[in-house]
Amino acid sequence: MANVNKNTYAVEMLGITKRFGNICANKNVNLRIKKGEIHALLGENGAGKSTIMSILFGLYSPDEGKIKINGKEVEIKDPNDANKLKIGMVHQHFKLVECYTLLENIILGKETPSVHFLQDAMEKDDREINRLNILSGYINIQKRMEQFTKLIHDSKTEVDIRYNLINTMHLTPEQADFVLAMPIGDLKSSTISNNFDKEIDRLRVKVQAKVDKKDSRFTKLKRKILFNCAKALDWFNKLVCNVDKNKVAMEITEISRKYGLSVDLNCKVEDATVGMQQRTEILKMLYRDNDILIFDEPTAVLTPQEIEGLLNVMRNLKREGKTIIFITHKLNEIMAVADRVTVLRRGESIDTVDIKNTNVAKLSTMMVGHNVNIIHNNSKKKPGDTILKVRGLTMFDKVKQKNSITDVNFNIREGEIVTIAGIDGNGQRELIEAITGLEKTKLGSIKFKNKLLKDGDVKTRNALGMSHIPEDRHKHGLVLEYDLKQNLVLRDFKNKKFSRYGFIRKGNLIKNANELIKKHDIRSSQGDTSTARSMSGGNQQKLIIAREIERKPDLLVAVQPTRGVDIGAISNINSKLLKEKERGAAILLVSFELDEVFGLSDRILVMHDGELVGEFDPKKVTRKELGLYMSGAKRNYKFVEEAR
């Protein structure tokens, strides 16, 4: 590494140290990212991955160390400085405004006015030079048509063609866009070529005359006044939010089409699926045309199909010369897409290795310091009595004006893990919200322990022994401004153990928190007094799981329970779920990870378009067969009522 030219590095973070109280989140970390590479950052929850990337993005300031961008030492005080340096970040916890549309979130802070006074004035002043530059690119292609034809033939996508035009044939982005916009027949036409030759000669004469001509003081003053007035008008136009939304929507739609990031721009964030919110975060970054892209756990909330799509997006961005820093716990994703990987452990950089020189087993051991066992459901215990009955459940989506789930029927028995599988957005969220009492139903009934549950009655569900690990830990799992010990008793703060006569028993809260911190390996900067907001995503998830499992529930509703946690914690969480099953608890699991679906389930129910379309024994179905049902290509679900 010492022999590599420093100019090959897009990012250098040297001797970075960051402390939060008594916790050293990063200790003398050295990280070097080459230009145009996908560099993975791997480590356990709380290893300091998000912290060091937050320093690079300007959310934190380092206590020690320095940062270089493209070989030049810089000081990044806030995200605005990062954006000026062409650094963008997709955060693990989305930075979206709930009541805004996806379009409004993408352009927030970079609104495009409906009128561009300064841009129009500058383009008018330099229109001959700009036109000459673009036409020169066309003539360049004309002279090397054989090379251009071969380039077209060898390139798989439009992204590849554009990348090769810029990097192989040395066109400017404007020239490349002009060439791509022309029909192939026009590019080969000698008539059009002759016309462009004549126009180029005419433009050269005008540009040369403009260069030779010395402007008078009055002309210079006139131009200065014109540009300043245009600049002031642009500022006022942006201030009154006079945004050309149609133009911006077209630009974003083109970006989303180019990279396969489909979103409904008119949908509000609060109504969008988690996967769509993730795609919105990525579009925010691409819209700003950043060169250094930080992806912090981008696949944690995506389905397998969406993950493969995102990895292809990253490959395309790399072809365009973008530099990507990829934080993930999923070792197979690192092996599939990364060029190099840096491993962090307990805030320190352990090593940086080339992907071609390592494998999943080696990376796993480097990350946690020991071998990790893969947990499977090998239990031979027979399920007990039916504990949850869902009959004819139907819910209506007011936004889309149609049913989100229709006539859903199923049972869950004691000591059984039933997994809802399917592509995200097919009714899983609405089904869980109905069962846990977070949303109202349209038709049907839910019985838990033979008691009919009412819409919105979460208190009764708690009292009967239902626990819930939610999909969105921030929205439904935590009070982010509360500290760790308070969040651990959110469901049970009225229990006599934690309160008496309306007063909180603080000593018992602290004792409970310290026991669970140790038992579930929950890491934070200030122990039980750490706010939930200050904790890493994986440790927030551990907190929720500790709280819900320690209640010893009769029914545990777990949605994406291993979302955003490292491989060691995944093994630990899955082990806990299986222990709950052995204890006799019924578990309703929702997971988009097929490894998890097959590894933990006793039964698999597949949802598509708001309906149950299949029921399977994980030992008797293949992934390919399951995929056909998940995509809606096959359906064969008939619910049979139990004999009384």
Side-chain angles (χ1 to χ4, degrees), residues 262 271-278 301-307 388-397 399-400 402-413 416-446 468-472 476 555-563 586-618 620-640:
S262 176
D271 299 320
T273 64
V274 176
M276 193 177 289
Q277 291 179 40
Q278 177 67 277
V301 296
L302 302 182
T303 64
Q305 293 86 348
E306 290 172 324
I307 289 171
L388 180 74
K389 296 180 180 179
V390 177
R391 298 290 184 272
L393 192 64
T394 300
M395 295 181 71
F396 186 72
D397 189 326
V399 176
K400 297 179 180 178
K402 68 172 188 176
N403 288 341
S404 54
I405 59 175
T406 304
D407 194 27
V408 171
N409 299 274
F410 67 92
N411 295 328
I412 301 180
R413 294 172 290 178
E416 180 183 39
I417 299 179
V418 175
T419 302
I420 305 291
I423 298 170
D424 188 23
N426 277 275
Q428 299 96 321
R429 182 182 67 177
E430 291 81 0
L431 174 63
I432 297 302
E433 286 176 344
I435 291 171
T436 56
L438 296 177
E439 288 291 341
K440 292 182 178 180
T441 60
K442 179 182 176 182
L443 296 170
S445 65
I446 304 168
H468 178 205
I469 300 169
E471 176 185 26
D472 190 331
H476 296 128
L555 173 65
L556 176 61
V557 181
V559 186
Q560 294 282 76
T562 58
R563 173 192 167 192
I587 299 174
L588 177 59
L589 175 66
V590 176
S591 177
F592 304 130
E593 298 286 345
L594 289 183
D595 287 340
E596 202 164 75
V597 171
F598 280 91
L600 295 179
S601 308
D602 292 302
R603 281 190 294 137
I604 302 172
L605 298 176
V606 180
M607 282 198 84
H608 176 74
D609 198 23
E611 299 180 51
L612 292 179
V613 295
E615 179 177 353
F616 303 97
D617 181 337
K620 297 178 181 178
V621 66
T622 64
R623 294 183 179 227
K624 184 177 180 180
E625 179 76 2
L626 198 68
L628 291 173
Y629 281 83
M630 289 169 66
S631 65
K634 294 181 73 174
R635 55 192 303 141
N636 182 25
Y637 181 72
K638 293 181 180 179
F639 177 73
V640 179

With a 4.5 Å cut-off on side-chain heavy atoms, are [Y] and [X] touching?
X: Val408; Y: Met395; result: no
X: Leu438; Y: His468; result: yes
X: Val590; Y: Glu471; result: no
X: Leu594; Y: Met630; result: yes
X: Val606; Y: Tyr637; result: no
X: Val621; Y: Phe598; result: yes
X: Ile432; Y: Leu588; result: yes

For residues [X] and [Y], report the shortest heavy-atom separation together with the two atoms involved.
X: Ile469; Y: Pro561; value: CG2-CA, 4.3 Å
X: Ile423; Y: Phe592; value: C-CE2, 4.4 Å
X: Pro618; Y: Ser601; value: CG-O, 3.2 Å

Can you check whether [Y]'s main-chain N or O pairs, donor with acceptor, with [X]'s side chain at less than 3.5 Å?
X: Ser591; Y: Glu593; answer: yes
X: Asp602; Y: Ile417; answer: yes
X: Glu416; Y: Arg413; answer: yes

Can you tell me how far the [atom1] atom of [X] sits from the [atom2] atom of [Y], to the nearest 0.5 Å?
X: Ser445; Y: Leu393; atom1: OG; atom2: CG; result: 8.0 Å
X: Thr394; Y: Ile405; atom1: OG1; atom2: CD1; result: 7.0 Å
X: Ile420; Y: Arg603; atom1: CD1; atom2: CZ; result: 9.0 Å
X: Asp609; Y: Ser631; atom1: CG; atom2: OG; result: 12.0 Å
X: Asn426; Y: Leu431; atom1: CG; atom2: CG; result: 12.0 Å
X: Ile587; Y: Leu388; atom1: CD1; atom2: CG; result: 13.0 Å

Would Glu596 and Thr562 count as having a side-chain donor-acceptor pair, cut-off 3.5 Å?
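Thr562 and Glu596 do have a side-chain donor-acceptor pair below 3.5 Å.
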
Cationic N near anionic O, under 4.0 Å, Asp595 to Arg623:
yes

Check side-chain hydrogen bond (donor to acceptor under 3.5 Å, both in side chains) between Gln277 and all other residues, then give those that pass, not counting sequence neighbours.
none

Excluding sequence neighbours, so at least two apart, what forms side chain to side chain contact (heavy atoms under 4.5 Å, CB included) with [X]?
X: Asp407; value: Asn409
X: Thr406; value: Asn403, Glu611
X: Ser262; value: none

Is there any side chain to side chain donor-acceptor pair (under 3.5 Å) pair reaching into residues 428-441, and which pairs are they, with sequence neighbours excluded?
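Qualifying pairs: Thr441-Asp455.
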
Which residues pass the ring-ring contact (aromatic ring centres under 6.0 Å, His included) test with Phe616, sequence neighbours left out?
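Partners of Phe616 under the ring-ring contact (aromatic ring centres under 6.0 Å, His included) test: Tyr629.
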
